[in-house]
Amino acid sequence: MIDLIKELTESYGPSGREEEVQRIVLKYLEGYIDGHKLDPMGNLLVWKEGRDDKKVLLDAHIDEIGLVVTNIDDKGFLRVEPVGGVSPYTYVGHRVKFPKATGVVYYEGETPDEQKKNLSNLSFDLLFVDIGARDSREAETLVPIGTFGVYDSYFYKNGNYLTSKSMDDRVGCAVLVEVFRNLNDPKHTVIGSFSVQEEIGLVGAFVSAYSFSPQACVAVDVTDSADHPKGFKRHAMALGKGPAIKIKDKMSISHRRVVEMLEQAAQKANVPYQKEVLTFGGTNAAALQRTKEGIPSATLSIPTRYVHSPSETVSLNDVEGAVKLLLSFAKLELEF
Amino acid sequence: MDTVSLLKCLSGADSPSGYEDEVLKVVEENIKPYVDLVKKHKMNTLIAAKRGQNGKKLGIFAHADEIGFVVAKLEERGFARLEPIGGVDPKVVLSQRIKIFTNQGIATGVVGFLPPHLQKEDQKDKVPDYNDIYVDVSCSPLCEAVSVGDICVIEGRCASLGDKLSGKALDNRASCAALILAARELETIKNRSDVYFIFSSQEEIAGPGAVYVAYELGLDGAIVVDVTHGNEHVPQMPQIKISEGPALAVGPVVNREFYKALCDVAKRHGVRTQIEPTPGRSHTDTDEVQITRSGIKTALVSIPLMYMHTPVELVDPRDVEETARLLSLASTVDL
Amino acid sequence: MKGVKAMYLKELSELDGVSGDEGRVRKFIEEKIKDKVDSLKVDIMGNLIALKKGTKSNRKFLLAAHMDEVGFMVTNIEDDGTLSFGPVGGIDPRVAVGKHVRIKGELAGVIGYKAIHLQRKDELLASPKFENLRINIGAKSKEEASRKVEIGDYVTFATDFRCENARATGKAFDDRAGCAALMEILEKGQRYEDDLCFAFLVQEETGLRGSAVLFEQLCPDLALVIEGTTAGDDPGLPEHQWATHLGDGPAITFMHRGYVVNKKIYESILQVARKYDIRHQPKRRTAGGTDAARLAKTGGGVPAGVISIPARYIHSPLSMIDLADFNNTVLLLSKILEEGEGFAK
């Protein structure tokens with residue numbers, strides 16, 4: 001599973017431009033699914049048939065946060081705006097990767113005092129990107145306005161801890177892929193939704209369940225792990241305690257019956273788990289539950305340190321636990 | 001059951017957003033005798049339907065959920081941190097008793113406050129937020145059972161203040177009561193449309209509880225019943241007063257003809273109404289219901305209420321009754 | 001620029017149609033297009049939907065523009081006969097001061113302000129807020145005002161349309177310019193390969209609401225939203241912070257709030273513009289949203305592109321567009337439709 005996570009997290013897939021990640025997912029799923037399709041918004045939907053006509057949908061978003069080029073000056077320097085919840089601070093002095101070029105991100109400051117002032121109150125208007133272009137013409141050829149970029153970061157492993165960019169939510173995608181690769185003779189049809197544009201407003205997930213009308217949905221996403229110096233004081237989540245069953249975040253409350261089923265599934269498979277209350281943010285469950293006349297939905301989370309930074313960190317133990325839990329969940333009888 | 005008893009009964013049910021089971025049971029018991037069919041929807045809403053004559057469908061919505069909390073984290077020595085469900089002002093949480101629903105029963109804790117004697121200078125005028133507040137559960141025999149994810153409410157009780165009633169969750173149990181009383185009124189008024197009384201979920205967290213049912217039913221008209229601020233001074237707005245009847249909203253999220261028809265039928269039958277100008281979104285279920293599927297004609301009726309989102313919300317039971325009367329008359333309007 | 005003269009822009013700009021009160025605009029458009037389409041209907045929200053069958057009919061192509069403008073609603077009739085009001089859609093109170101307004105499309109009023117002579121120092125520097133502003137219709141008392149106005153009546157700026165120096169100034173170019181562009185397409189009387197749905201929408205300014213009910217009725221395969229979008233190319237902002245520049249042609253959006261434009265659609269629009277050498281520009285700020293964000297999230301989802309006519313000073317009583325930009329937008333739209341099924345295939 002480690003190679004899968006490495007390949008997924010290192011791939012390029014900012015919101016709205018996720019094709020490369022879709023290809024990787026399909027590559028790993030070949031031979032393990034009964035069918036796949038792309039819906040009108042570009043969500044990748046895969047499935048494995050069950051023995052009855054009930055369906056359960058598992059979702060992970062394949063997009064990551066990034067930047068988009070909005071301007072090129074006459075010297076070939078780029079101006080950018082954020083795609084999703086990116087902080088300008090995480091880019092300063094680091095690199096951004098575009099399909100045809102890599103650039104350095106830095107900030108304006110005509111004097112040391114101005115630099116200091118800008119740095120303490122940083123906004124994207126004060127940043128620029130240097131791709132080493134000789135002039136605007138060269139820059140426009142390599143990185144035209146409207147090109148999307150992602151963190152230039154790489155995966156590494158430290159014992160049980162895995163670090164890379166876009167664990168949010170490629171680790172969720174990896175969990176889904178691994179579930180399908182180990183799913184044998186499921187009771188209900190299991191649908192995998194690899195949805196797009198989550199980071200800019202859960203866009204893809206509003207429609208990905210539409211053509212299937214499943215009985216229940218579980219979104220697999222990351223959650224904050226507060227177990228580092230002065231982490232968020234009201235978060236109980238920590239690395240190594242198992243996957244987190246989400247009770248509530250700022251955009252939805254998990255359906256209580258689906259929560260109970262996830263707990264049941266964990267107990268049956270002997271997977272230790274934690275309960276999660278997140279004091280900000282939301283997941284695709286908030287959108288999936290709104291499909292048609294409603295679908296009972298919940299989120300299973302992978303605790304992650306340093307979310308939305310180039311070095312998101314998870315515990316392999318929690319990731320493997322999530323896979324086991326979902327395989328057990330797929331065996332349960334759906335009451336809806 | 002008389003209005004005050006009904007309100008007390010509904011107020012006493014503890015049902016924050018997502019956990020509406022308790023109050024829906026109370027609603028079902030009370031509305032069942034007056035309707036043809038009661039059914040629970042998988043997304044935690046209750047539908048009580050009464051057949052009409054002309055085949056048109058009128059939906060009357062009241063959200064049944066209330067604000068509350070969930071235990072976010074446990075500190076050592078028996079303290080719990082809270083995350084609010086819905087808009088709960090942390091200022092009203094201080095020095096309250098909190099009921100925590102553990103899997104072994106209710107653990108009641110207290111929200112502490114440092115006495116003036118021990119406060120430092122910079123703490124004296126500080127406004128608390130949820131990162132400062134904690135619940136002391138050491139006084140409960142079920143202290144050990146409290147876990148992350150347990151649902152909580154402020155322990156509330158009702159008080160009759162003259163002819164008014166004060167208690168928790170009158171937002172929106174007052175409206176739920178109005179729906180039940182309206183169903184009772186329909187025993188005497190012959191409703192033209194089929195009427196669906198819908199007790200919906202998750203309004204306090206801006207969830208789609210009402211929309212789920214609106215999607216399924218194919219309604220010709222929808223009236224959302226909620227509460228609004230009574231006896232407050234809101235700049236540029238006419239003051240909505242307690243004891244002067246329900247307020248009807250007017251603006252882009254309300255169908256103008258439907259609104260006029262409700263005003264008319266109210267006037268003809270001596271039901272007092274007030275006006276609530278709503279130039280933008282109403283921040284009630286009306287907004288989402290209006291744009292469900294191919295669109296629904298909507299109206300918004302609000303019961304005046306004071307001290308919204310505190311455990312001592314205040315209403316006049318006669319406003320609830322007058323609202324019920326308006327709703328039952330609405331079933332005679334042509335959709 | 002062949003003979004396209006922005007023929008309905010003046011009437012559309014001067015008609016009153018605040019979000020929730022679009023009837024007058026809808027009636028005008030309906031009258032003008034009814035003989036140019038195969039069918040017309042008004043849905044429950046008040047959207048005007050017109051259909052034109054295609055020669056191949058393999059795809060349903062939605063073209064959308066919104067009829068509503070930002071404005072006000074009367075919220076109270078004060079004892080002195082003046083009216084309190086609140087904004088419908090996003091309006092900065094600072095642009096409301098010292099303006100002529102129209103209530104219910106016909107009654108004249110003014111939004112005054114305390115004379116400069118009488119303002120104290122702190123008042124001179126204080127920014128106007130809606131709670132301090134009143135509309136005066138010349139009534140002496142609450143009772144007199146109540147005979148002419150009701151709480152809930154809608155109010156628009158009473159700006160007249162002018163066209164000089166190849167630039168048009170007036171109110172509501174966001175998005176009457178878009179409506180005018182769609183009407184120009186219909187005027188051509190051409191038939192295209194795809195089935196076309198022309199949707200003139202309501203309540204965009206109050207939260208992309210009219211477009212929320214389209215999927216259920218139409219199930220389109222793809223869409224183009226035609227908007228009047230912000231420019232920002234005035235002396236207030238440095239060039240790299242402009243969203244668009246007047247005179248540089250229709251603005252093509254790749255991303256805005258809550259939506260990244262489908263790659264195929266975005267690239268196909270650019271392709272058509274380059275093929276016919278039509279002046280165009282990318283929209284350079286991702287702020288602001290359109291009905292495309294709503295279409296992406298309703299029903300099974302509709303991928304949409306966004307093409308905008310740059311407009312300075314939108315959401316104020318007086319905005320400005322360049323007529324060449326308007327004409328190039330119509331031209332681009334027309335060439336896209338002529339591509340037929342090949343567009344964004």
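A, B, ... follow the sequence lines: proteins, then strands. Residue 1 opens every chain.
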### Task
Apply side chain to side chain donor-acceptor pair (under 3.5 Å) to A/D168 and A/H308, showing your working.
CA-CA 7 Å; A/D168 176 10; A/H308 281 194; 3.0 Å; yes
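- Contact annotation for A/V83: both backbone and side-chain heavy atoms come within less than 4.5 Å of a heavy atom of chain C.
- Between C/F343 and C/Y192, the distance from one ring center to the other does not fall under 6.0 angstrom.
- Neither the backbone nor the side chain of C/R257 has a heavy atom closer than 4.5 Å to any heavy atom of chain A.
- Taking each heavy atom of C/I252 and C/L332 in turn, the nearest pair found is CD1-CD2, 3.8 Å.
- When the salt bridge (charged side-chain N to carboxylate O under 4.0 Å, His left out) test is applied to C/E239, no partner is found at least two apart in sequence or on another chain.
- Interface residue C/P282: only side-chain heavy atoms are found under 4.5 Å from chain A.
- A side-chain donor from one of A/D59 and A/S195 sits under 3.5 Å from a side-chain acceptor of the other.
- Heavy atoms of A/D73 lying under 4.5 Å from chain C are absent altogether.
- Here A/V207 is the residue among A/N43, A/L202, A/I145, A/V207 with the most heavy-atom pairs under 4.5 Å with chain C.
- Only the backbone of C/T298 comes within less than 4.5 Å of a heavy atom in chain A; its side chain stays farther off.
- With 3.5 Å as the limit, one finds a donor-acceptor pair spanning the side chains of C/E227 and C/H66.
- With respect to C/E339, the side-chain hydrogen bond (donor to acceptor under 3.5 Å, both in side chains) criterion is satisfied by exactly one of C/Q271, C/K275, C/K345: C/K275.
- Taking chain C as the reference chain and counting heavy-atom pairs below 4.5 Å, the highest number among A/R290, A/Q197, A/E199 is found for A/Q197.
- At a cut-off of 3.5 Å, with distance as the only test, a side-chain donor of C/S57 or C/D195 sits close to an acceptor on the other residue.
- Chosen from A/V68, A/D125, A/I72, the residue pairing most often with chain C at heavy-atom distances under 4.5 Å is A/D125.
- Interface remark: A/P14 contributes no atoms to any contact with chain C (heavy atom separation under 4.5 Å).
- With a threshold of 4.5 angstrom between heavy atoms, A/V203 approaches chain C through its backbone and through its side chain.
- Shown here for A/R79 and A/L126, the closest heavy-atom pair between the two residues is NH1-C, 4.2 Å.
- Ranked by heavy-atom pairs under 4.5 Å with chain A, the list C/G300, C/G258, C/P303, C/G301 is led by C/G300.
- Of the two parts of C/F215, only the side chain, counted from C-beta on, holds a non-hydrogen atom closer than 4.5 Å to a non-hydrogen atom of chain A.
- For a residue to count as touching a neighbouring chain, one of its non-hydrogen atoms must lie under 4.5 Å from one of that chain's; by this rule C/A287 touches chain A with the backbone only.
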